[in-house]
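In what follows, chains are A, B, ... by sequence order, proteins preceding strands, each numbered from 1.
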Amino acid sequence: MAAAKYWLMKTEPTSYSIQDLAAEKKQTTFWDGVRNYQARNYMRDEMKIGDKVLFYHSNANPPAITGVATVVRESYPDHTSWDREHKHYDPKSTAQSPRWFMVDIKLEQIFDEPLPLDDLRSVAALKGMELLRKGSRLSVQPVRKAEFDTVLKLTKKKR
DNA sequence: GCCAACGTTGGC
DNA sequence: GCCAACGTTGGC
């Protein structure tokens, strides 16, 4: 089996938070609504069962990594994309020819204390992280193993 | 609410 | 295929 990969997924907590994920039956959800090709490609082509996901709250106060999830179902079409009633409806996507894809993730842990973006910026080992790049907007992005490990270490330090 | 940094769209 | 206009993201 290939080694697990590491990712970061953004969400605005006002629309879907890690607490919402915790409240789900089986603490699992489908990651619908991604409408960016690069982010889609990561989900569609590269995310595999067992991969680890840093759960990030954007547009939050403060913006922060709030926990860890794991991929439990690999890429399948995002049905909300051809639902006319849905906020993320895309007329160019159909059930016959889906344009957008998603994965399922399951909650693994909620950090006792979220790791604010500002704190992450001050960590030397995270200098190269995509999240910290100026102008970075990708909502699904790869994370290096070393970065992932560093983030987890930071949560332990806080206790 | 502002606005910089992007991504997408569509006229040509 | 260029690029201006427009829409979105997301920190602040």
Side-chain angles (χ1 to χ4, degrees), chain A residues 5-24 29-47 51-71 75-105 107-144 146-148 150-155 157-158:
Chain A
K5 293 200 198 71
Y6 301 87
W7 307 93
L8 180 142
M9 288 166 127
K10 297 181 185 175
T11 174
E12 302 196 14
T14 51
S15 78
Y16 193 88
S17 71
I18 199 162
Q19 287 75 24
D20 292 328
L21 178 58
E24 301 279 3
T29 193
F30 50 90
W31 205 253
D32 64 306
V34 170
R35 297 293 179 267
N36 168 283
Y37 289 105
Q38 200 177 346
R40 177 205 68 182
N41 291 349
Y42 283 135
M43 285 199 296
R44 189 190 57 187
D45 305 333
E46 296 196 44
M47 291 184 79
D51 284 4
K52 304 291 185 189
V53 178
L54 294 174
F55 200 100
Y56 179 80
H57 283 178
S58 63
N59 256 315
N61 192 14
I65 299 175
T66 53
V68 178
T70 186
V71 177
S75 163
Y76 60 108
D78 178 348
H79 58 81
T80 68
S81 67
W82 58 76
D83 176 358
R84 281 175 185 284
E85 304 300 311
H86 202 280
K87 186 167 182 270
H88 298 296
Y89 172 62
D90 177 357
K92 289 174 183 151
S93 185
T94 64
Q96 291 71 36
S97 178
R99 169 173 298 211
W100 302 111
F101 292 79
M102 60 189 183
V103 298
D104 287 359
I105 63 168
L107 180 64
E108 199 151 283
Q109 66 166 231
I110 299 181
F111 296 157
D112 293 339
E113 293 185 53
L115 294 172
L117 181 62
D118 209 38
D119 290 5
L120 300 175
R121 288 194 194 284
S122 67
V123 179
L126 300 179
K127 275 280 181 290
M129 210 174 167
E130 167 70 19
L131 178 70
L132 306 183
R133 237 192 64 234
K134 184 179 164 75
S136 164
R137 303 194 316 185
L138 253 192
S139 63
V140 177
Q141 54 183 253
V143 170
R144 295 178 191 89
E147 293 164 348
F148 184 86
T150 299
V151 167
L152 284 200
K153 243 179 258 165
L154 288 171
T155 70
K157 246 187 222 164
K158 290 212 148 189

Short N/O separations, protein against nucleotides 8-11 of chain B, under 3.5 angstrom:
none

(message) Checking A:Q38 now: which residues fulfil side chain to side chain donor-acceptor pair (under 3.5 Å) with it, not counting sequence neighbours?
(response) none
Please round to the nearest 0.5 Å and tell me the distance separating atom [atom1] of [X] and atom [atom2] of [Y].
X      : Y      : atom1 : atom2 : value
A:T70  : A:I105 : OG1   : CD1   : 9.0 Å
A:M102 : A:Y76  : CE    : OH    : 4.0 Å
A:I65  : A:L131 : CD1   : CG    : 6.0 Å
A:W82  : A:S97  : CH2   : OG    : 9.5 Å

Output all residues satisfying side-chain contact (heavy atoms from CB on, under 4.5 Å) with [X], sequence neighbours left out; order by chain, then residue number.
X     : result
A:D20 : A:Y16, A:S17
A:R99 : A:Y37, A:R40, A:D90, A:K92, A:S93
A:A22 : A:Q27, A:L107, A:I110
A:T80 : A:D32, A:R35, A:D78, A:H86, A:H88

Contacts table for residues 53-64 of chain A: side-chain donor-acceptor under 3.5 angstrom, sequence neighbours left out:
unit_1	atom_1	unit_2	atom_2	d
A:H57	NE2	A:I18	N	3.1
A:N59	ND2	A:E12	OE2	3.2

(request) Could you name each residue pair satisfying salt bridge (Lys or Arg N to Asp or Glu O under 4.0 Å) that touches residues 124-134 of chain A, not counting sequence neighbours? (result) A:E130-A:R133
(request) May I ask you to list the residues of residues 134-144 of chain A, by number, that have any heavy atom positioned under 4.0 Å from an atom of DNA chain B? (result) A:K134, A:G135, A:R137
Dump every N/O contact between nucleotides 2-6 of chain C and the protein below 3.5 Å, one line per pair.
none

(request) Go through the structure and list residues passing salt bridge (Lys or Arg N to Asp or Glu O under 4.0 Å) with A:E46, not counting sequence neighbours. (result) none
(message) Give the residues of residues 55-62 of chain A touching DNA chain C, defined as any heavy atom closer than 4.0 Å, sorted by residue number.
(response) A:Y56, A:S58, A:N59
